[in-house]
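Working notes, structure below.
Whatever order the structure lists them in is the order used to number ligands and atoms, beginning at 1.
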Amino acid sequence: MHAPAVRLAGVWKWYSGQQRPAVRDVWLEVRVGELLAILGPSGCGKTTTLRLIAGLERPDAGSIEIAGALVAGSDRFIPPEGRGTGLVFQDYALFPHLTVEENIAFGLFRLSRAERRQRVEELLRLTGLEPYRDRYPHQLSGGQQQRVAIARALAPRPSVLLLDEPFANLDAELRQRMREELRRLLRELGVTVVLVTHDRDEALSLADRVAVMLEGAILQVDTPERVYHEPKTREVARLLGQANFVPARVVGAVGRSDLGLFALEEGRNTAVEQVELLIRPRDVVLEPHSDGLGVVVDRRFVGAEVVYRVLLRCGITLETSQPPSVELAIGDRVEVRCNRARLAAFAGSERIGLAALLERVHRSAADSVRSSGPRDEAPAVSEAD
Ligand code: ADP
Ligand code: MG
């Protein structure tokens, strides 16, 4: 096992005059060759974390290692140029008076003329910037500027590339395309990357692992699938996307909800308790059913799919995206069937796992969850049985 590309251990950063620390006890390991995305809302400490790794800020506590070498600690601080990191700023920070070629060559002052020339050619080729080598930044599109910034950061062969909100300055259409291009480029280069973003689609689609950050702290580090479907806390669940929480009552090893009966993961205690199932918009299938426990209360066409709001008997309104083949009208009664083999549920702050659906529940089923859920919003129609 070789050392992680970057390791942060108990890192704190408290800007003077601020009421809260910008970075709060962060422990994080970035593996060699991976693309790790730090995802969090604006102001949560993402840029500060990158600046700490790059050496543009000093931690108030904790230590930072890069490729196994201590670069910041209680009595050690290696300045940026000695760290082997390449930072791409949010606004790219290209030198306006230098051409593309000169921008890329900027950090290569230690190389001989011939070596420098060779390295610049290599990067122009890799990033597809050869035709633009003599242009100045203002003569380039946003996407091209971004590639120059990345080429400049990569030129000195950093052990880790740090990208701050790489798509923030691009318009929505370009963003999608650039994301694909950047992914291809970074995979080709095989370079270790830490990318920070507030855009969850970006983090989920680009990263090997996602570190979810909130108020200076890292709440969870996991694969995109796991942070999305198995968030450790409700906060993480909400930060990752639309989340519905449907109440279920647990008796013994069985959870009962308006989506049906579920088996609990083995080893759970058998005390009766109230849990909430995390349901993502595409986690359920709607089917017309006269005895279903849901009623369609809203329908919104959004192009590729239709977003339905379904009022469940427990009083929760579930928001779900359905394919166009599902044709329902407001007022239709539906069965809400879970289409995932495993679901996350929360009991208090603790997450528990739920296995596959055992059985469906219909209006006629005697023991409903109605008694345990909020019912103020439940309309007359749900009382029809
Ligand atoms: P993000 O990149 O996630 O938007 P930042 O790391 O830029 O967050 O900021 C984290 C917090 O630290 C914010 O509350 C911000 O206002 C504050 N902050 C950032 N830079 C400075 C600074 N140089 N001086 C004082 N406060 C700062
Ligand atoms: Mg920032």
Review point. Can the positive tip of Arg152 be found less than 6.0 Å from the middle of the six-membered ring of Phe95, inside 45° of the ring normal?
Key: yes
Practice item. Report yes if some N/O of Glu57 lies less than 3.5 Å from some N/O of ligand 1; otherwise report no. Key: no
Practice item. For atom 15 (C) of ligand 1, find the nearest protein heavy atom and state the residue, atom name and distance (0.1 Å precision). Key: Gln18 OE1, 4.8 Å
Check your understanding: So is Thr47 polar-close to ligand 1, meaning N/O to N/O under 3.5 Å?
Key -> yes
**Study point:** Ala22, any N or O under 3.5 Å of ligand 1 N or O
**Key:** no
Review point. Does Thr47 bring an N, O or S atom to within less than 2.8 Å of the Mg ion (ligand 2)?
Key: yes
Exercise for review: May I ask you to identify the nearest protein heavy atom to atom 5 (P) of ligand 1, giving residue, atom name and distance to one decimal place in Å?
Suggested key: Thr48 OG1, 3.6 Å
Point to revise | salt bridge (charged side-chain N to carboxylate O under 4.0 Å, His left out) between Glu121 and Arg133, intermediate numbers included | key: CA-CA 9 Å; Glu121 288 306 320; Arg133 60 170 71 223; 2.8 Å; yes
Review point. For Ser321 and Tyr308, does a side-chain donor sit closer than 3.5 Å to a side-chain acceptor?
Key: no
Review point. Any side-chain heavy atom of Val6 sitting closer than 4.5 Å to one from Leu28?
Key: no
Point to revise | Within-4.5 Å side-chain heavy-atom neighbours: Ile150 and Leu185 | key: yes
Practice item. Specify the protein heavy atom at minimum distance from atom 27 (C) of ligand 1: its residue, its atom name, and the distance to 0.1 Å. Key: Tyr15 CD1, 3.2 Å
Exercise for review: Give the residue, atom name and distance (to 0.1 Å) of the protein heavy atom nearest atom 13 (C) of ligand 1.
Suggested key: Gly43 O, 3.7 Å
Review point. Of the listed options (Gly216, Gly45, Ser42), which comes nearest to atom 8 (O) of ligand 1 when hydrogens are ignored and any heavy atom counts?
Key: Gly45
